[in-house]
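For reference, the structure discussed in these notes is given below.
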Amino acid sequence: MAWTITGGSVLRDGAMRAEDLALADGTVASAPAPEAARFDAQGLCVLPGIVDIHGDAHERQLQPRPGVDLPVPLALRDSAAQLIASGITTAYLGVTLSWEPGLRSLSAWRALKAALPTARAAAATDLRVHLRFEADNLDALDDALEGIADGSVHLLGFNDHTPGIMKKIGKPEQVAKFAGRAGMQAEAFRSLAESVAARRDEIPAARARLAEAARTAGIPMLSHDDATIEDRVHYRAHGATICEFPMAEAVAADARAAGEHVVMGAPNVVRGGSHIGWASAAPLAERGLVTVLASDYVWPAMLEAAFAMVRRGAMDLPRAWALVSANPAEACGLNDRGRIAPGLRGDVVLVDPATPSPVAVFAGGRLGWLAPGAETRIAR
């Protein structure tokens with residue numbers, strides 16, 4: 001179905017413009033089709049669909065409580081429904097492939113991978129995979145390489161959380177948390193972690209194989225939690241040209257000096273700071289050091305964070321919205337979305353700026369979600 005969105009304020013070419021927007025054949029059209037349905041967007045902002053480069057919230061659907069696992073197809077349907085209702089039209093599910101049993105295990109990855117084609121076909125949101133490969137997960141290397149080669153992985157992230165776990169392995173309360181997530185007894189988890197850490201000399205060769213596979217497949221790479229400039233230089237040499245959640249401002253500055261995108265969490269902006277005491281994303285974004293906001297663990301935070309940046313007074317809406325649309329699309333090499341222009345994907349979210357909240361979401365030119373009561377805005 002073709003659509004004409006009328007009466008709204010459209011974000012186009014870096015400015016909000018009072019004009020109509022046409023969608024036809026899945027894309028933004030130059031002119032409305034004669035048979036197009038009309039959507040009255042009076043009082044609404046008409047914005048490019050949100051592109052989420054990293055979201056882990058689907059894990060709550062997979063395992064709503066420690067040790068309680070739900071069927072993967074059901075969890076993915078639930079996640080897809082929440083994503084489109086949040087205005088997210090492209091979502092990179094942050095799938096952690098760890099040496100830990102349970103939610104982030106190799107068996108969990110295999111189950112998710114098997115269910116994804118059906119879920120992707122049914123979802124309004126373009127579901128993609130950001131594979132967060134834990135450096136010490138050497139036994140899963142072949143599976144990761146297979147997923148990259150067969151197109152199941154769309155973004156590769158280099159994670160290395162094992163050193164942090166090992167620093168806490170002597171604290172019973174911390175071990176209990178890790179063990180609960182993995183569905184293990186505390187002592188068994190401690191033994192597993194120690195055996196995994198003993199193989200760290202094998203990591204460089206494995207990392208090089210992953211990077212080569214990603215380059216061959218043409219998928220972007222990112223590094224996660226870079227603590228030092230040396231870390232950024234190391235991963236840059238492997239081809240990871242996205243810097244995600246840098247732990248120091250100097251690291252973000254180094255990435256930006258190299259022309260790389262820097263990612264931080266939208267919940268950080270909404271809450272006014274990091275939940276673990278790291279840098280606050282909003283002022284870094286205002287200074288151009290953070291260029292991409294990701295949902296991290298709260299999908300609705302993407303839209304809310306953009307408007308929060310506007311409320312801070314240092315950004316207008318076009319610049320703030322680029323943090324959740326144009327910039328993440330560019331970082332991931334998605335040249336067909338993130339902006340509103342003829343020929344690009346018809347991914348559009350209509351937002352009531354007073355709330356702010358989505359009123360309607362179009363994905364691939366189709367109406368994917370409609371807020372209760374908004375049906376009165378439609379004329380066919």
Side-chain angles (χ1 to χ4, degrees), residues 54 56 59 62-63 66 94-110 112 129-145 147-148 153 155-211 213-214 221-240 242-248 251 263 265 274-278 296-297:
H54 170 179
D56 297 346
E59 290 187 338
L62 290 165
Q63 191 179 91
V95 182
T96 303
L97 181 49
S98 176
W99 48 266
E100 303 171 68
L103 181 63
R104 298 179 168 183
S105 66
L106 178 56
S107 61
W109 159 244
R110 289 172 175 170
L112 185 70
V129 169
H130 165 178
L131 186 65
R132 310 178 67 226
F133 189 85
E134 283 293 342
D136 292 89
N137 196 13
L138 301 168
D139 291 339
L141 179 61
D142 287 342
D143 279 76
L145 293 171
I148 292 169
V153 175
L155 174 63
L156 176 64
F158 293 107
N159 283 19
D160 192 2
H161 290 117
T162 305
I165 291 175
M166 296 308 296
K167 288 180 181 178
K168 301 174 182 177
I169 206 71
K171 300 177 180 179
E173 67 281 2
Q174 292 292 337
V175 175
K177 184 181 78 170
F178 296 136
R181 184 173 68 188
M184 303 176 68
Q185 296 296 317
E187 193 54 45
F189 181 87
R190 183 180 288 107
S191 297
L192 174 63
E194 290 171 347
S195 67
V196 165
R199 298 178 61 188
R200 288 192 65 82
D201 60 336
E202 300 176 48
I203 289 176
R207 185 175 289 151
R209 289 183 64 192
L210 283 168
M221 292 176 272
L222 60 78
S223 57
H224 177 78
D225 286 357
D226 289 350
T228 65
I229 291 176
E230 288 73 22
D231 290 336
R232 181 85 286 274
V233 170
H234 171 78
Y235 288 109
R236 181 182 296 141
H238 282 75
I242 305 171
C243 177
E244 180 185 66
F245 303 164
M247 297 172 65
V251 177
V263 184
S274 168
H275 70 289
I276 51 177
W278 293 351
D296 199 3
Y297 50 90

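As a basis for the values below, the full set of heavy atoms in this structure was taken, side chains included, without hydrogen atoms, waters or symmetry mates.
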Do the non-hydrogen side-chain atoms of [X] and [Y] ever get within less than 4.5 Å of each other?
X	Y	result
K167	Q174	no
P246	R232	no
V263	L222	no
E59	R104	yes
S195	L192	yes
L156	I148	yes
D142	R209	yes
R200	D136	yes

Identify the two heavy atoms, one from [X] and one from [Y], that lie closest to each other, and give their separation to 0.1 Å.
X	Y	result
S107	S105	OG-OG, 3.0 Å
A140	L106	CB-CD1, 4.0 Å
L138	A206	CD2-CB, 3.7 Å
A186	V175	O-CG1, 3.5 Å
S223	A240	N-CB, 4.0 Å
F178	E100	O-OE1, 4.3 Å

Between [atom1] of [X] and [atom2] of [Y], what distance do you get to the nearest 0.5 Å?
X	Y	atom1	atom2	value
W109	L103	CH2	CG	13.5 Å
L155	R132	CG	CZ	10.5 Å
L210	F133	CG	CZ	5.0 Å

Among H234, H238, E202, exactly one meets side-chain hydrogen bond (donor to acceptor under 3.5 Å, both in side chains) together with R207. Which residue is that?
H234
Residue that, paired with E134, satisfies side chain to side chain contact (heavy atoms under 4.5 Å, CB included) out of V196, T96, I203:
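Output: one option passes, namely T96.
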Is there a side-chain contact (heavy atoms from CB on, under 4.5 Å) between E244 and H130? Walk through the geometry before answering.
CA-CA 12 Å; E244 180 185 66; H130 165 178; 3.5 Å; yes
Sub-3.5 Å donor-acceptor pair from the side chain of R190 to the main-chain atoms of I169, do we have one?
yes
Indicate yes or no for a side-chain donor-acceptor contact from N137 to the backbone of L97 under 3.5 Å, with no hydrogens or angles considered.
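Checking the backbone N and O of L97 against the side chain of N137, a donor-acceptor pair under 3.5 Å is found.
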Give the intermediate values and the outcome of side-chain contact (heavy atoms from CB on, under 4.5 Å) for residues W99 and I165.
CA-CA 12 Å; W99 48 266; I165 291 175; 3.9 Å; yes
Applying side-chain contact (heavy atoms from CB on, under 4.5 Å) to L112 and V129, what does each step give before you reach the verdict?
CA-CA 10 Å; L112 185 70; V129 169; 5.6 Å; no
Going through the checks in order, is the side-chain contact (heavy atoms from CB on, under 4.5 Å) test met by D296 and H54?
CA-CA 6 Å; D296 199 3; H54 170 179; 4.1 Å; yes
Taking CD in E194 as the centre, count heavy atoms belonging to other residues, nucleotides or ligands within less than 6.0 Å. Is the count above 12?
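Result for CD/E194: enclosed.
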Electrostatic pair R236-D226, nearest N-O below 4.0 angstrom:
no
